[in-house]
There are 2 protein chains.
Amino acid sequence: MRSLLANVRITVDEKVYLKDPESTTKGQQIIENSILLIDELGLESFTFKKLAEKIGTTEATIYRYFESKHMLLVYLISWYWNWLEYRLVFSTSNIASAEEKLRIAIRLLSGKVENDMDFAHISEVVLQRIVVAESAKAYLTKEVDADNKEGFFFSYKRLCKRISMFIQEINPAYKYPDSLVSTVAESAHYQIFFSKHLPSLTNIDDSKKGQLEDFLTDLVFKAIVK
Amino acid sequence: MRSLLANVRITVDEKVYLKDPESTTKGQQIIENSILLIDELGLESFTFKKLAEKIGTTEATIYRYFESKHMLLVYLISWYWNWLEYRLVFSTSNIASAEEKLRIAIRLLSGKVENDMDFAHISEVVLQRIVVAESAKAYLTKEVDADNKEGFFFSYKRLCKRISMFIQEINPAYKYPDSLVSTVAESAHYQIFFSKHLPSLTNIDDSKKGQLEDFLTDLVFKAIVK
DNA sequence: TGGAACACAATAGTAATACTATTGTTAAAA
DNA sequence: TTTTAACAATAGTATTACTATTGTGTTCCA
């Protein structure tokens, strides 16, 4: 059995693309290979020209799917957050305890990927590396307000709100549920990045995934305790 | 009285520049105006050509001080962390309590700037905005390992270690002092950014500075409690 | 079965970017 | 006085991030 999710498709809001890349094989190739190429080259050195060469087409074709490199990044990141939200809803569906749901959310944010939740042309593990290293660049721009108005960050915001609600259920008096969730989400990313590249900034060992989850779980539950 | 610090100069490691910008008036103009222009245009739209026009010189002159736009960013950020470390050492100099020193560190990381600690040609408040919006771009690159080897992130790492030691003094058993410090440092940045641009991701009100300090102080002291 | 519509390859071109290299002038240091 | 330094001025390169146009094969559907 290849996947639990043969009939599930993660979708991304229409506004993000010019033409739905899920609707054609060329489009799927663009997604699949852009993930591999951004991971390999980094966002700065990644160009539509190089991507076009890799999939045997031309820049013009890619531009018919995505307005710009920036919008392709927004697409990949939105897909990632929608995927994470899907897994969160799935794995908390029959759980009553808000504490337990929050625990699961932190586990997912820390980067735990189950192999039976994969999609045909998306390398989730590689995509996660891209999200760690590049997602901040999607909003750290002068266009952030305009982009936000267009709803480009909606996937991320919705996921954070969902997790924030677990916290509010556990302790309605806690003053900073949204800040705590975004801190954990972002922290998860750069603690992974630091453990790989700037290890003196972290106590998390690159090879031991459980440590990050432990650090964040400890942080959150101590913070929100009544 | 213009400044407490007429005889103090914040220096940046030699490796970061080709020619010390503090050594000439042109160099100081480059620093002063690059801060203003990066803040105005954002790092992506900022170019040496535009900076050269602003200070009535040419690209070539700026290239004699800095190898690239990236190195200029590294310079500004290193200067910022050195400045923050100086203020930390200054304001904790005659304080014995590690708790109180940690409190002060968090206050500084949250962005509190005293007006009597300014330097002639550096707009500290504007520089802080740059650090919030652009500093992650200094290390989120494919060159991070090479840059780290060159010592480009030493200022940041040294400051974090210093604060981490306060935590280790308070609770030597706490497992994640370095991760906690880097989480607070980074969190301070994007909570400020979120409060301005993506307010649904935070409970911090852009206009109320004390909230961020309160959020982070609460987070840290609950985390490290024995 | 014919015709429209679509997907895309191929080609060309543009303004801007991130640099590098060279030369000549002026002013200050040895 | 000579040398050096600082820098303005100019020119030039490869690459990037696009836009525009045209032609061809395939698919849809009436």
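Note: hydrogens, waters and symmetry copies are ignored here, and every other heavy atom, side chains too, is used. In what follows, chains carry the letters A, B, and so on, assigned in the order in which the sequence lines appear, proteins first and then strands, with residues in each chain numbered from 1.
Summarising the local packing, CE of A:Met71 is surrounded by more than 12 heavy atoms from other residues, nucleotides or ligands at distances under 6.0 Å.
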TODO: Quick one, give me the B/S/- string for nucleotides 13-20 of chain C, reading 5' to 3', where B means a protein heavy atom under 4.0 Å from the base and S means that only happens at the primed atoms, P, OP1 or OP2.
DONE: ----SSBB

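What separates CZ of A:Arg64 from P of D:dA20 is a distance of 13 Å, to the nearest Å. D:dA17 atom P lies 16 Å from atom CE of A:Met71, rounded to whole Å. Spacing between atom CD of B:Glu53 and atom C1' of D:dA9 amounts to 14 Å, rounded to whole angstrom units.
At least one side-chain heavy atom of A:Leu73 sits less than 4.5 Å from a side-chain heavy atom of A:Glu134. The shortest side-chain heavy-atom distance between B:Asp13 and B:Ser78 does not fall under the 4.5 Å cut-off. Annotation: side chain of A:Leu72 is in contact with side chain of A:Ile31 (closest heavy-atom distance under 4.5 Å).
Using modelled atom types, one finds a donor on one side chain and an acceptor on the other under 3.5 Å when comparing B:Ser164 with B:Asp178. For the residue pair B:Gln191 and A:Ser182, a side-chain donor N or O sits within less than 3.5 Å of a side-chain acceptor on the partner. For B:Thr24 and B:Tyr65, the side-chain atoms include at least one donor-acceptor pair closer than 3.5 Å.
In terms of phosphate contacts, A:Tyr65 brings no side-chain nitrogen or oxygen within less than 4.0 Å of OP1 or OP2 of C:dA7.
Using a 4.0 Å cut-off on heavy atoms, the residues of residues 18-31 of chain B that approach DNA chain D are B:Lys19, B:Lys26, listed by number.
Looking only at distances, no side-chain donor or acceptor of A:Lys19 sits under 3.5 Å from a matching main-chain atom of A:Phe66.
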